[in-house]
Protein chains: 2
Amino acid sequence: MTPTSVSDASDMLRAVGLSVTAQRLAVYRAVVHLHHATADQICEQVRHEIGAVSRQAVYDALQTMRVHRIVRRFEPAGSSARYETRVDNHHHLICRQCGSMCDVDCAKGTAPCLHPVDDHGYFIDEAEVIYWGTCPDCTPN
Amino acid sequence: MTPTSVSDASDMLRAVGLSVTAQRLAVYRAVVHLHHATADQICEQVRHEIGAVSRQAVYDALQTMRVHRIVRRFEPAGSSARYETRVDNHHHLICRQCGSMCDVDCAKGTAPCLHPVDDHGYFIDEAEVIYWGTCPDCTPN
DNA sequence: TCAATATATTGACAGAGTCCAGATTAGTCG
DNA sequence: CGACTAATCTGGACTCTGTCAATATATTGA
């Protein structure tokens, strides 16, 4: 994997019209670096990188990037929110034992799997899928 | 829909080997009555019915019933946990505007849709699906 | 560089859920 | 029926995520 340079991250921010601050750069890079990280983990990582940030700045940055679609958030049951930089339609695979997570491509290819058996008249714009199970490391024998 | 009598609920509890208490009865009936209710809503409903309960008793009862598979819990992003008495494999449809929720049968019929494009070696036991969209009442025109 | 605007910091606060220790109650056995 | 023992319930403190609001600071563009 290509290491994310500062300029990659700032290009990303500029590309969507956001001003570039040290905090946002570090937050974006943390999200790239730590896959499926929680806000807390991102906070820690950012502090490693730039010394200090407020929790609020991290939440703000994540929220802003989310609105600009360069960061995505999901909330697995029993966990706090997770952030990722892969923003296309995809799903997640989570181990009930150790909590490890993998990305999975959308089950129906590029078209999102937006068609339930009965849509009850709803206009559906997203199908969020989480596959729960046991990862290879946690499977006995 | 058949109204849930006290004996329905106590039969349910006994059927899975749980002792029958006023609190559990009321909690179970509340979950039946209020579809997709939060713990807090259940608490209120139970208080209406039997006068008083501790929050803890409600959480304990829900947890116990969950373990015994007569109550199911799910946690839509941005909401606290929801409880329901329908325990077979099914999914949910949620309105982003008003938060209304519907049950949807499993997309693949009785067999759960347990097959992602790539399972990364995980043993999958559940596919949790939430369809996000706009309900008829919230759709303009 | 400077001003206007957007961000960041700080500290208080809220909601959901859990932990713990002691009191109470249900189910069981003699 | 009465007492025993395990299961439940109560109340209160506490943790963890996340948000709000006011003030201070940095970024951007002229």
Side-chain angles (χ1 to χ4, degrees), chain A residues 6-7 9-28 30-31 36-47 49-68 70-71 73-83 99, chain B residues 6 9-28 30-31 34 36-47 49-68 70-71 73-83 99:
Chain A
V6 170
S7 63
S10 56
D11 288 352
M12 205 71 195
L13 291 172
R14 265 191 264 275
V16 294
L18 290 175
S19 51
V20 178
T21 67
Q23 290 84 347
R24 283 184 179 167
L25 279 177
V27 167
Y28 186 80
V31 178
H36 307 137
T38 63
D40 206 57
Q41 294 170 327
I42 292 164
C43 228
E44 257 189 72
Q45 174 64 27
V46 169
R47 282 175 183 148
E49 198 178 319
I50 64 171
V53 238
S54 62
R55 227 162 30 112
Q56 192 56 42
V58 171
Y59 278 110
D60 284 351
L62 289 170
Q63 167 66 11
T64 304
M65 293 184 207
R66 210 149 72 79
V67 168
H68 287 81
I70 59 174
V71 160
R73 160 182 166 150
F74 63 105
E75 296 178 41
S79 155
S80 44
R82 306 282 175 153
Y83 296 87
Chain B
V6 172
S10 57
D11 288 352
M12 205 72 193
L13 291 171
R14 264 191 263 276
V16 294
L18 290 175
S19 50
V20 178
T21 66
Q23 290 82 350
R24 283 184 181 168
L25 280 177
V27 168
Y28 186 80
V31 178
L34 313 163
H36 307 137
T38 63
D40 206 55
Q41 293 170 326
I42 292 164
C43 228
E44 258 188 73
Q45 174 65 27
V46 169
R47 282 177 182 147
E49 198 177 319
I50 63 170
V53 238
S54 65
R55 226 158 31 112
Q56 193 55 42
V58 171
Y59 277 111
D60 284 352
L62 289 170
Q63 166 67 12
T64 304
M65 294 184 208
R66 211 149 70 79
V67 168
H68 288 82
I70 59 174
V71 159
R73 161 180 164 151
F74 64 105
E75 295 178 42
S79 155
S80 45
R82 305 284 175 152
Y83 297 87

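Chain identifiers are assigned alphabetically (A, B, ...) following the order of the sequence lines, protein sequences preceding nucleic acid strands; residue numbering begins at 1 within each chain. Bear in mind the structure is a predicted one, so any value in this text is a computation, not a measurement.
B/Gln63 pairs by the side chain to side chain donor-acceptor pair (under 3.5 Å) definition with B/Arg66, not counting sequence neighbours. With sequence neighbours excluded, the residues that form a side-chain contact (heavy atoms from CB on, under 4.5 Å) with B/Val20 are B/Ser10, B/Leu13, B/Arg14, B/Leu25.
Across the protein-nucleic acid pair, B/Met65 atom CE and D/dA7 atom P stand 17 Å apart, rounded to whole Å. Rounded to an integer number of Å, the gap from B/Arg24 CZ to C/dA26 P is 12 Å. Atom CD1 of B/Ile50 and atom P of D/dT8 are 15 Å apart (whole Å). Spacing between atom CG of B/Asp60 and atom P of C/dA16 amounts to 18 Å, rounded to whole angstrom units.
Residues A/Ile50 and A/Gln23 meet the side-chain proximity criterion, which asks for heavy atoms closer than 4.5 Å. By the 4.5 Å heavy-atom criterion applied to side chains, B/Thr64 and B/Arg24 are counted as neighbours.
Counting only residues at least two apart or on different chains, the side-chain hydrogen bond (donor to acceptor under 3.5 Å, both in side chains) pairs with a member in residues 74-83 of chain A are A/Arg73-A/Glu75, A/Arg73-A/Tyr83, A/Ser79-A/Arg82. Residue pairs meeting the side-chain hydrogen bond (donor to acceptor under 3.5 Å, both in side chains) criterion with at least one member in residues 52-61 of chain A, sequence neighbours excluded: A/Gln56-A/Asp60.
In the helix from C/dT1-D/dA30 to C/dG30-D/dC1, the terminal helix axes, each the rotation mapping four pairs' C1' atoms onto the next four within five end pairs, subtend 30°, rounded to 10°.
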Checklist entry - Once each nucleotide of nucleotides 18-30 of chain D is scored for protein heavy atoms under 4.0 Å, what B/S/- sequence comes out, 5' to 3'? => result BBBB-----SS--

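Note that CG of B/Leu18 is 11.0 Å distant from OH of B/Tyr28, once rounded to the nearest 0.5 Å. Expressed to the nearest 0.5 Å, how far OG1 of B/Thr38 lies from CD of B/Gln41 amounts to 3.5 Å.
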